[in-house]
2 protein chains.
Amino acid sequence: MEQESRLAGTVRPGGRTAKVRAAVLQATQDELVERGFHGLNMEQVAARAGIGKTTIYRRWGTPAGLVTELMTELAAQSSPPPDTGSIQGDLEANALNVLGAINDPHLGATFQAVIAAATCDEGAARALRAFYGRRIAEWAKVADLAVARGDLPAGTDGEELIKAVSAPLYYRLVVTREPVDHETAVRSVTRALIAARAGAFVTGDPDPAGPTGVDAEGEVSTGPASNGATATRTTRRSRP
Amino acid sequence: MEQESRLAGTVRPGGRTAKVRAAVLQATQDELVERGFHGLNMEQVAARAGIGKTTIYRRWGTPAGLVTELMTELAAQSSPPPDTGSIQGDLEANALNVLGAINDPHLGATFQAVIAAATCDEGAARALRAFYGRRIAEWAKVADLAVARGDLPAGTDGEELIKAVSAPLYYRLVVTREPVDHETAVRSVTRALIAARAGAFVTGDPDPAGPTGVDAEGEVSTGPASNGATATRTTRRSRP
DNA sequence: GAATTAATGGAACAAGAGTCCCGTTTGGCG
DNA sequence: CGCCAAACGGGACTCTTGTTCCATTAATTC
């Protein structure tokens, strides 16, 4: 079950351990590309890495553990946001960065694996949150710069904006499972930017554009039943 | 939660078979809520449903198979979009519908399970695409109505708009794994609507607002390989 | 470069998941 | 009502997955 799971060369970072780790992570990634997360097999990974399976179990415990460390590893390699000088350019850089990651065979497989792992393993979920928390916070800076330049309304929530740019891409990757292409990425930027310029990302202000006012307070309750805002509703209960 | 779901396609839709099916799907859902997808155990489901495990294996084969059928079942129960009379109200109804599904213990667990299953099982992936394809197409009609009323620019792509409203919610559910609340839903509507009114969802027109022109092709590079539009999905079946 | 000790590897072992066989039950139909 | 085919159930069986034990290897320390 739960092993020591001492992460990356904690105690003895010496050459052998590091080599084992590298070989295992590499094998894990290759296996993910070929068979996906659910096909990830500890014994198979061990064989591929040329490592005894005892070692794999001892250090990583489960497939989710392997994937979690792989994600941690990738997190360390993520590129910092460039400052292209325009918020448009920066957001596009972000979108294309995500696009590239999603469509890269290795990275795409890894992300999907971690997402899958996170639905069942708390460690993977933490790694995922940590990764995106950091990444989003980092990219949010470009929005702050834009605000400082006067390119965006004061008070714009940078993190929300970055999320808004990325969301449609991941949504397609994971939920609707459509191919995600360059145009999707660019459009996502355009749409988010329009909303941002209109002040829709200003903190604590859900109702920026007068006529588009949100009257909210529909309150949801009843399971999946729809329950909106204005006018008539055909409230229908689906089966809980 | 006694579902009398009878949907078959089976050769013998008679009483016993249907009861077995209902019991198994119910047990599956309960197990998903308690243990998640990766904890889904065929033997456990069989025991809980009071059904021989041979039957489970024979009819559904794998955990992914169980989850896939569960999703198909839920798809049949999804509620149709209301026509609230305003695009704002309709989109909010959609967002709250999604919100309710995500936050419902049973539905939320099921969605996450199917999403996880879809990353490795082609059947689950198909079911997922089918479900959202239908759902989105159905809700897209409210956008068409809005266009007819003059509430939205002519040529607005309804499906894209619906996706834009849902994406941030699923993104939070699956990727950043933050709680998804009412405000998130409402803001998602606001933002999408602003972009829609500005024409950002008009088909084949990625550059509606002049000054917000997209110069694209900046190409990002760094870190994760960037890659124009190569949609490589690596899904693979588990076992027969 | 010898001692010390963490880390690894291999093989046997235990647990469980998935399959198979075959007898029993049930629904459809004349 | 009685027959037949389809579906179910139980239990034995097999193969995969995960664990344990202990000898071996190699990094660190002095």
Side-chain angles (χ1 to χ4, degrees), chain A residues 1-28 31-32 35-69 117 120-121 123, chain B residues 4-28 31-32 35-69 117 120-121 123 236-240:
Chain A
M1 285 306 179
E2 54 247 294
Q3 303 294 344
E4 281 309 305
S5 175
R6 48 199 58 189
L7 284 198
T10 307
V11 180
R12 253 188 204 203
R16 182 169 65 162
T17 296
K19 272 196 167 60
V20 165
R21 186 182 121 100
V24 168
L25 291 187
Q26 183 61 53
T28 299
E31 285 289 305
L32 283 182
R35 308 191 204 292
F37 176 64
H38 106 295
L40 199 58
N41 180 267
M42 303 294 268
E43 202 152 351
Q44 184 72 20
V45 170
R48 184 164 203 154
I51 299 292
K53 79 168 174 171
T54 308
T55 299
I56 308 271
Y57 277 110
R58 188 161 31 213
R59 286 185 61 179
W60 292 279
T62 64
L66 280 173
V67 164
T68 299
E69 186 153 342
C120 66
D121 180 272
Chain B
E4 213 7 60
S5 47
R6 83 186 43 218
L7 189 141
T10 17
V11 189
R12 265 189 194 197
R16 182 170 66 164
T17 296
K19 273 198 167 60
V20 165
R21 188 183 119 100
V24 168
L25 291 188
Q26 184 61 54
T28 299
E31 286 289 306
L32 282 183
R35 308 190 204 293
F37 176 64
H38 108 296
L40 200 58
N41 179 267
M42 303 295 269
E43 203 153 350
Q44 184 72 20
V45 170
R48 183 164 203 154
I51 299 293
K53 80 167 175 172
T54 307
T55 299
I56 309 269
Y57 277 112
R58 188 158 34 210
R59 286 187 61 182
W60 291 279
T62 65
L66 280 174
V67 163
T68 299
E69 186 153 343
C120 65
D121 180 272
R236 184 175 300 196
R237 251 194 96 52
S238 45
R239 322 173 294 89

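Every chain is numbered from 1 and lettered A, B, ... according to where its sequence line falls, protein lines coming before strand lines.
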Problem - No-H, no-angle donor-acceptor pair, A:Arg16 side chain to D:dA26 base, under 3.5 Å - result: no
Practice task
Return the value, rounded to whole Å, for the distance between atom CD of A:Glu43 and atom C1' of D:dT19.
Solution key: 12 Å
Exercise for the section: Compare side-chain N and O positions of A:Arg58 against OP1 and OP2 of D:dT19 and report whether any pair is under 4.0 Å apart. Expected result: no
Handout entry: Test item: B:Val20 and B:Arg59 side chains (from C-beta on) under 4.5 Å apart, heavy atoms
Key = yes
Handout entry: Minimal non-hydrogen separation, A:Leu66 against A:Val24, with atom names
Key = CD2-CG1, 3.5 Å
Practice task
Spell out yes or no: do the side chain of B:Lys53 and the base of D:dG9 have one donor N/O and one acceptor N/O closer than 3.5 Å?
Solution key: no
Exercise for the section: Could you check how far CE of B:Met42 sits from C1' of C:dA15, rounded to whole Å? Expected result: 19 Å
Problem - Check: C:dG27 base within 3.5 Å donor-acceptor of B:Thr17 side chain - result: no
Handout entry: Rounded interatomic separation in angstrom, taking CD1 from B:Ile56 and P from D:dG9
Key = 9 Å
Problem - Heavy-atom check, side chain of B:Val45 versus side chain of B:Met42, under 4.5 Å - result: no
Fill in the blank from the handout: note: A:Lys19, atom NZ; D:dT25, atom P; distance rounded to Å ~ 18 Å
Practice task
Give, for atom OG1 of A:Thr28 and atom CD of A:Glu31, the distance between the pair rounded to the nearest 0.5 Å.
Solution key: 8.0 Å
Problem - Whole angstrom value for the distance that separates P of D:dG18 from CH2 of A:Trp60 - result: 16 Å
Handout entry: Most 5' of B:Thr55 and A:Asn41 on DNA chain D, judged by nearest nucleotide
Key = B:Thr55
Practice task
Report yes if the side chains of A:His38 and B:Asp121 come closer than 4.5 Å at any heavy-atom pair, otherwise no.
Solution key: no
Completion exercise
In whole angstroms, the gap separating P of D:dT16 from CG of A:Leu40 amounts to 17 Å
Problem - Among C:dT19, D:dT17, D:dC8, the one nearest B:Tyr57 by side-chain distance - result: C:dT19
Practice task
Specify the separation, in whole Å, of atom CZ of A:Arg59 and atom P of C:dA7.
Solution key: 8 Å
Practice task
Give the nucleotide from the list C:dC20, D:dT20, C:dA17 with an atom nearest to the side chain of A:Thr54.
Solution key: D:dT20
